[in-house]
Each structure stands twice: as C-alpha cells, then as structure tokens.
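These numbers come from the heavy atoms of this one structure, side chains and all, not from hydrogens, waters or symmetry mates. Everything numeric here is computed off the predicted structure, so don't read it as measured data.
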Amino acid sequence: MRESLPTSGFEMSRNCNVRTPVYLNVYDLTTLNGYLYWMGLGIFHSGIEVYGVEYAFGAHDYSTSGVFEVEPRCCPGFIFRRSIELGATDMDAAALREVIECIAGEYNGDMYHLIGRNCNHFSNDLSIRLTGRSIPGWINRLANIGSFCNCLLPEGLQIAAVHHTPEYHSFEGEEQSDIDNEHEHLLNNPNGEVQSEMVDQNHEKVLEHIENSV
C-alpha cells in the first residue's frame with residue numbers, strides 16, 4: 001500500500017509534464033518499533049525508490065561510497081513497514097544517475113554514524129534533490145533527539161554504525177573495481193545473505209544497544 005504526501009499548488013502546476021514518482025521505503029530496524037511507532041518514535045532504515053530501483057546508504061570500514069541499490073521494498077536484514085510517495089521528479093534516468101553518482105561521493109561507508117549521518121539523512125538529502133521536499137520528520141526523529149542530547153542514548157549506540165551493504169554497487173567509477181573485489185567479503189550474495197560474520201555480529205550488537213536503551 002502506497003501513501004502520498006499532500007501535493008502543493010506549485011507541484012500540481014507542473015503535472016502537465018511527464019514526471020516520475022519518488023517513494024520513501026521505510027523499514028523497522030527493531031521489533032520495538034511496534035511500540036515506539038505509536039509514540040511518534042522508532043528506529044528506522046529507509047531508502048529512496050525511483051525508476052524501479054531503491055537507493056540507500058550503509059556502513060562499511062573503507063573510504064569508498066556506502067550508497068547501494070536494491071530491489072524496492074526488499075532490503076535484506078530489515079522488516080518493511082510502509083512506502084510513502086514523496087512527490088515526483090522530472091529527471092530522466094540519465095540525469096538521475098548523475099545525481100546518484102554525485103551524492104554517492106558524499107556518503108562514504110566509513111562516514112556512517114547512527115546519530116549524525118545515517119541512512120535517513122541520505123534519504124532526506126536525495127529526496128530534496130529529486131523532489132525539493134524533505135522526508136517526514138518522524139523517520140529520523142530519534143536520531144535528531146540524540147544529536148541534541150546524547151545523554152539519552154548509551155555510548156555504544158551513539159558511535160555504532162549499522163554495517164549493512166546488500167547488493168553493494170560502487171558509484172565511483174571503474175577504478176574502484178579492484179577495491180570492490182578486495183573487500184567482497186562485505187557484500188551480499190543475490191539472495192541477500194550477509195557474507196561477513198563480522199557484519200552479522202556488529203548488526204546484532206547495535207540492536208542489543210537499541211533494545212537496552214529503550
């Protein structure tokens with residue numbers, strides 16, 4: 001089921017042109033969201049879907065892009081919650097690719113921070129570039145609260161990064177192919193199973209911090 005944000009008069013005036021819808025796909029990072037969601041809070045992963053591809057940001061330990069693409073609403077390791085139509089873009093596929101390549105260079109995997117620079121920050125940034133609109137505030141509300149008052153969150157949660165890079169694709173050019181091959185243990189196979197035991201253990205550790213903090 002798709003949900004749509006209200007459309008402004010300015011956007012309606014542009015609907016005469018062929019435009020492509022842009023969706024925000026939201027996932028639960030913990031089952032505690034079943035309780036937190038009704039309080040306007042939650043710990044969510046999100047990605048931007050456009051032209052039948054979902055783009056998101058994940059962490060790894062290298063100074064290469066953490067931006068990856070997956071099948072929409074099927075990001076491995078997370079529980080899909082809902083899809084929200086953010087608006088539409090008049091970019092064609094080629095122009096979109098240029099935007100993705102540009103933003104990918106700004107979001108390296110080793111820059112990921114659960115509070116200060118997470119997947120939802122990426123989704124918001126990409127949404128603004130494509131539609132001129134921000135994502136709904138509740139998606140990243142807990143991180144925003146934490147950024148103003150870190151004492152609300154345990155130290156492990158403040159600094160931990162969710163290492164999750166399924167179907168990882170580099171957007172930094174062919175020169176990165178050797179690096180990608182060297183670190184292929186960070187990638188997922190086609191069915192979305194994480195190959196690295198280190199990644200699995202880190203993910204579980206972050207979720208443990210989350211559950212203990214609520």
Side-chain angles (χ1 to χ4, degrees), residues 23-30 33 42-50 53-81 83 96-97 99-127 129-130 135 139-140 142-143 146-147 156-173 176-177 179-210:
Y23 300 100
L24 178 74
N25 293 329
V26 184
Y27 302 80
D28 289 331
L29 186 56
T30 170
N33 281 0
I43 304 165
F44 303 103
H45 169 77
S46 69
I48 295 292
E49 177 188 348
V50 61
V53 178
E54 182 174 319
Y55 300 95
F57 173 51
H60 56 71
D61 296 327
Y62 307 96
S63 57
T64 55
S65 180
V67 175
F68 61 90
E69 58 185 47
V70 294
E71 181 180 350
R73 303 178 298 286
C74 296
C75 190
F78 302 122
I79 304 171
F80 176 72
R81 171 172 285 274
S83 185
L96 170 66
R97 191 68 178 183
V99 170
I100 296 298
E101 290 176 351
C102 178
I103 197 173
E106 302 172 15
Y107 284 84
N108 286 347
D110 60 355
M111 298 169 60
Y112 187 105
H113 190 285
L114 199 61
I115 301 300
R117 194 174 185 80
N118 62 37
C119 55
N120 301 317
H121 292 106
F122 168 81
S123 293
N124 187 65
D125 195 352
L126 184 55
S127 175
R129 299 189 195 199
L130 296 181
I135 65 175
I139 302 294
N140 212 27
L142 197 60
S147 68
L157 183 56
Q158 293 170 23
I159 64 174
V162 178
H163 283 64
H164 195 83
T165 51
E167 295 295 311
Y168 176 81
H169 298 275
S170 172
F171 292 95
E172 298 182 1
Q176 292 295 331
S177 59
I179 297 176
D180 293 339
N181 291 334
E182 178 183 354
H183 305 311
E184 62 183 357
H185 63 285
L186 291 175
L187 311 186
N188 288 351
N189 62 20
N191 66 10
E193 295 178 358
V194 179
Q195 297 297 307
S196 170
E197 182 177 354
M198 176 193 71
V199 172
D200 286 334
Q201 292 175 346
N202 186 79
H203 196 180
E204 292 173 1
K205 184 176 180 180
V206 171
L207 293 181
E208 181 180 355
H209 278 304
I210 292 170

J.: I want to check something: taking the side chain as every heavy atom from C-beta on, are His113 and Asn118 in contact at a cut-off of under 4.5 Å?
T.: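 Heavy-atom side-chain distance check fails, nothing below 4.5 Å.
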
J.: Could you check whether any side-chain heavy atom of Val99 comes within less than 4.5 Å of a side-chain heavy atom of Leu126, counting everything from C-beta outward?
T.: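 Answer yes - side chains close enough.
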
J.: On the 0 to 90° scale, with breaks at 30° and 60°, tag the Phe78-Tyr27 ring pair as parallel, tilted or perpendicular.
T.: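 Phe78 and Tyr27: tilted rings.
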
J.: Determine whether the aromatic ring centres of residues Tyr112 and Phe57 are separated by less than 6.0 angstrom.
T.: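 Close enough - the centres of the two rings lie under 6.0 Å apart.
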
J.: Roughly how far, to the nearest 0.5 Å, is CG of Leu114 from NE2 of His121?
T.: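 These two atoms lie 10.0 Å from each other.
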
J.: What distance do Cys119 atom SG and Asn140 atom CG have between them, rounded to the nearest 0.5 Å?
T.: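 Rounded to the nearest 0.5 Å, the SG-CG separation comes to 7.5 Å.
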
J.: Identify the residue among His45, Arg73, Glu49 that makes a side chain to side chain donor-acceptor pair (under 3.5 Å) with Asn25.
T.: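 Among the candidates, only Glu49 passes.
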
J.: Using 0.5 Å steps for rounding, measure from the CG atom of Asn120 to the CG atom of Asp125.
T.: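 Result: 12.5 Å between the selected atoms.
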
J.: How would you list, by chain and number, every residue that makes a side-chain hydrogen bond (donor to acceptor under 3.5 Å, both in side chains) with Glu106, sequence neighbours excluded?
T.: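 Partners of Glu106 by the side-chain hydrogen bond (donor to acceptor under 3.5 Å, both in side chains) criterion, ordered by chain and then number, come out as Arg129.
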
J.: Using the test salt bridge (charged side-chain N to carboxylate O under 4.0 Å, His left out), find all partners of Arg117 that sit at least two apart in sequence or belong to another chain.
T.: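 Arg117 satisfies salt bridge (charged side-chain N to carboxylate O under 4.0 Å, His left out) with no residue once adjacent residues are dropped.
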
J.: Pair Asp61, Asp110 - check side chain to side chain contact (heavy atoms under 4.5 Å, CB included), show working.
T.: CA-CA 5 Å; Asp61 296 327; Asp110 60 355; 5.8 Å; no

J.: Using the test side-chain hydrogen bond (donor to acceptor under 3.5 Å, both in side chains), find all partners of Asn124 that sit at least two apart in sequence or belong to another chain.
T.: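 Result, side-chain hydrogen bond (donor to acceptor under 3.5 Å, both in side chains) vs Asn124: none returned.
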
J.: Can you tell me how far apart OG1 (Thr30) and CD1 (Ile79) are? Round to the nearest 0.5 Å.
T.: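 Between Thr30 OG1 and Ile79 CD1, I get 8.0 Å after rounding to 0.5 Å.
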
J.: Kindly determine whether Phe122 and Tyr55 satisfy side chain to side chain contact (heavy atoms under 4.5 Å, CB included), including the steps that lead there.
T.: CA-CA 9 Å; Phe122 168 81; Tyr55 300 95; 4.3 Å; yes

J.: For Ser123, what residues pass the side-chain hydrogen bond (donor to acceptor under 3.5 Å, both in side chains) criterion, not counting sequence neighbours?
T.: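 Per chain and number, Ser123 pairs via side-chain hydrogen bond (donor to acceptor under 3.5 Å, both in side chains) with Ser46.
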
J.: Ser63 vs Asn108, test: side chain to side chain donor-acceptor pair (under 3.5 Å). Steps then yes/no.
T.: CA-CA 6 Å; Ser63 57; Asn108 286 347; 5.4 Å; no

J.: For Cys74 versus Glu54, what's the shortest heavy-atom pair and its separation?
T.: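 In this case the closest contact between Cys74 and Glu54 is N-OE1, 4.5 Å.
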
J.: Distance-only, no hydrogens or angles: does the Asn33 side chain make a donor-acceptor pair with backbone N or O of Ile43 under 3.5 Å?
T.: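 Answer holds: yes.
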
J.: Is there a side-chain contact between Ile48 and Tyr23, using heavy atoms and a 4.5 Å cut-off?
T.: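 A side-chain contact under 4.5 Å is absent here.
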
